[in-house]
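Accompanying notes for the structure given below.
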Amino acid sequence: MHPYPLKGSKGASLPPRPTLVFLIALFGLYVCYLSFNQIRMESKHVEENGAQEQDEHVCTRPYVPSEELPYVHFPKPKGYSRAECSCNPVRFFVIVSMQRSGSGWFETLLNSHPNISSNGEIFNRVDRRQNISSIVQTLDKLYDLDWLTSAAKNECTAAFGFKWMLNQGFMDHHDDILSYLNKKGVSVIFLFRKNTLRRLISVLANNYDRDAKQLNGTHKSHVHSEEEAEILAKFKPELDVSTLVSNIRDVEKYMGDCLDSFNTTRRMILYYEDIIRNRNALFQVQEFLGVPVRKLVSRQVKIHTRPLPDLVRNWEDVNSRLNGTEYARFLDGADYVK
């Protein structure tokens with residue numbers, strides 16, 4: 001007999017080899033899963049810290065005087081990233097005007113500046129001004145810089161706004177709109193025309209062309225060539241002298257009521273004739289909007305450049321009706337001629 005006889009073990013037997021291999025593999029997968037989650041959490045933490053550090057580095061915002069802080073904004077559009085300009089301040093504005101007061105020409109001048117975006121008459125669509133809720137919704141989208149039009153510049157826009165006509169819901173909800181503009185920090189440029197007689201002539205001529213379509217069957221409110229301007233200027237409207245004085249008075253009252261209703265806004269009152277005669281007027285507008293001052297240009301061509309007697313079919317009647325009234329000053333037209 002062997003001096004050390006071997007005896008069978010009385011303890012539990014080891015599991016079969018396939019089962020043992022499966023358990024070891026399962027444990028290995030579990031360890032890998034835990035390690036992967038740990039790495040992912042650490043990476044996310046690093047990315048967040050890096051992004052925060054990058055924001056802190058990029059967002060060294062320029063100094064803004066305390067009185068201007070309510071009118072300086074740092075919008076974050078949903079549709080795109082402002083990238084390296086995300087911390088450059090943007091000033092919101094609105095041009096408040098009336099049809100045929102030079103607002104279209106004025107807006108093209110502003111849009112010739114690389115840092116200004118004015119987005120046209122956004123409330124010419126009735127659905128956007130059905131009530132104050134639709135108006136506010138439209139304004140919020142625009143001032144979030146998510147309003148993309150042909151006037152939209154790159155992400156480095158420094159002044160962003162649009163044009164709002166008085167008859168496009170502006171005066172219908174003036175209390176709510178005043179509150180919105182002040183809370184939102186929107187600067188207002190009121191652009192009107194001193195010579196409301198010339199404005200009336202322009203309105204009537206434009207209404208005529210809307211139906212006549214004198215330029216190759218196309219209606220144009222604004223033109224870019226002297227040839228087109230000459231064609232449109234040939235039409236001479238006939239003014240109703242029986243309502244002429246009351247019409248002029250109503251327009252002036254409408255403008256006055258507007259200025260009175262919005263006298264608590266940060267505003268600039270500008271007249272079309274001022275832009276024509278005063279070369280510094282556009283510099284003052286740019287300073288008001290907080291953008292670098294530069295020469296502004298427009299391709300639009302003035303349509304009615306002739307003296308008033310050449311623009312109205314019944315000029316003698318008009319002249320006779322306004323002479324001796326407070327509106328006789330409009331007959332000269334010298335406040336327009338450059």
Side-chain angles (χ1 to χ4, degrees), residues 75 77-79 92-108 110-111 116-152 160-184 186-193 196 199-215 217-223 232 237 243 247 250-262 265 267 272 300 303:
K78 298 178 182 178
F92 300 152
F93 70 89
V94 56
I95 304 165
V96 177
S97 188
M98 302 177 71
Q99 284 82 358
R100 314 312 295 176
S101 297
S103 61
W105 172 62
F106 178 68
E107 191 172 42
T108 62
L110 292 186
N111 281 327
I116 301 178
S117 292
S118 189
N119 296 270
E121 298 180 30
I122 66 174
F123 287 113
N124 59 354
R125 278 179 43 179
V126 177
D127 60 306
R128 295 174 181 165
R129 52 182 167 93
Q130 285 182 339
N131 49 53
I132 189 60
S133 297
S134 59
I135 289 175
V136 169
Q137 183 179 3
T138 301
L139 291 174
D140 283 342
K141 181 177 180 180
L142 180 124
Y143 288 127
D144 284 341
L145 268 63
D146 278 316
W147 196 275
L148 301 180
T149 67
S150 59
F160 197 86
F162 70 104
K163 186 172 60 170
W164 202 343
M165 300 292 104
L166 292 187
N167 63 352
Q168 293 174 351
F170 186 77
M171 292 297 291
D172 297 336
H173 309 278
H174 57 82
D175 288 335
D176 293 319
I177 293 172
L178 172 65
S179 176
Y180 179 93
L181 295 178
N182 285 334
K183 289 180 180 179
K184 196 75 172 181
V186 179
S187 300
V188 184
I189 300 175
F190 291 99
L191 175 62
F192 295 127
R193 196 164 184 169
T196 50
R199 176 187 173 272
L200 176 59
I201 295 171
S202 181
V203 168
L204 293 175
N206 186 64
N207 289 343
Y208 171 79
D209 185 69
R210 199 183 306 276
D211 295 327
K213 297 179 175 58
Q214 303 166 87
L215 298 175
T218 302
H219 167 61
K220 289 187 177 181
S221 296
H222 308 98
V223 296
L232 295 183
T243 60
N247 285 342
D250 289 344
V251 169
E252 293 202 336
K253 183 179 185 303
Y254 200 28
M255 293 188 296
D257 290 345
C258 172
L259 294 177
D260 290 341
S261 298
F262 290 85
T265 59
R267 67 181 188 173
Y272 174 74
Q300 284 194 14
I303 297 175

### Task
Show your working on ring pair (Phe, Tyr, Trp, His ring centres under 6.0 Å) between Y272 and W105 and close with a plain yes or no.
CA-CA 10 Å; Y272 174 74; W105 172 62; 5.8 Å; yes

### Task
Show your working on side chain to side chain contact (heavy atoms under 4.5 Å, CB included) between V94 and F162 and close with a plain yes or no.
CA-CA 5 Å; V94 56; F162 70 104; 3.6 Å; yes

### Message
For Q168 and I122: C-alpha separation, side-chain torsions, deciding distance, then whether side chain to side chain contact (heavy atoms under 4.5 Å, CB included) applies.
### Response
CA-CA 9 Å; Q168 293 174 351; I122 66 174; over 6 Å; no

### Message
Go through it in stages, so that I can follow the logic: the residues are V251 and M98, the test is side chain to side chain contact (heavy atoms under 4.5 Å, CB included), and I'd like the CA-CA distance, side-chain angles, deciding distance and then a yes or no.
### Response
CA-CA 10 Å; V251 169; M98 302 177 71; 4.0 Å; yes

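Panel note: side chain S179, backbone D176; no donor-acceptor pair is recorded below 3.5 Å. Side chain of D209 to main chain of Q214: a donor-acceptor pair is present (N/O by atom type, distance under 3.5 Å, no hydrogens or angles). Listed for the S97 side chain is a donor-acceptor partner under 3.5 Å among the backbone atoms of L191. Not a single donor-acceptor pair under 3.5 Å links the side chain of R100 to the backbone N or O of A205. Between the side chain of R128 and the backbone N or O of Q137 there is no donor-acceptor pair closer than 3.5 Å. With hydrogens and angles ignored, the 3.5 Å screen pairs no side-chain donor or acceptor of N206 with any backbone N or O of S202.
Between D146 and P77 there is a side-chain heavy-atom pair separated by less than 4.5 Å. Taking the side chain as every heavy atom from C-beta outward, F93 and I116 approach each other to under 4.5 Å. Considering only heavy atoms from C-beta on, N182 comes within 4.5 Å of L178 through its side chain. Side-chain contact between S221 and Q99 is absent, with no heavy-atom pair separated by less than 4.5 Å. When side chains are defined from C-beta on, L139 counts as touching F123, because their heavy atoms get closer than 4.5 Å. At least one side-chain heavy atom of L259 sits under 4.5 Å from a side-chain heavy atom of R267. Residues I135 and Y180 are not in side-chain contact: their nearest non-hydrogen atoms beyond the backbone lie 4.5 Å or more apart.
Looking at residues two or more places apart in sequence or on another chain, you find a salt bridge (Lys or Arg N to Asp or Glu O under 4.0 Å) between R125 and D127. Looking at residues two or more places apart in sequence or on another chain, you find no ring pair (Phe, Tyr, Trp, His ring centres under 6.0 Å) involving F192.
Between the NZ atom of K213 and the NE2 atom of H219 there is a distance of 8.0 Å, given to the nearest 0.5 Å. Residue I95 holds its CD1 atom at 12.0 Å from OG of S187, rounded to the nearest 0.5 Å. The CZ atom of F190 lies 4.5 Å from the OG1 atom of T265; values are rounded to the nearest 0.5 Å.
Taking the six-membered ring where tryptophan is involved, the planes of F262 and F170 are essentially parallel, since the angle between them stays under 30° and well short of 60°.
Counting heavy-atom neighbours within 6.0 Å of K141 NZ, excluding the residue itself, gives a total of 12 or less.
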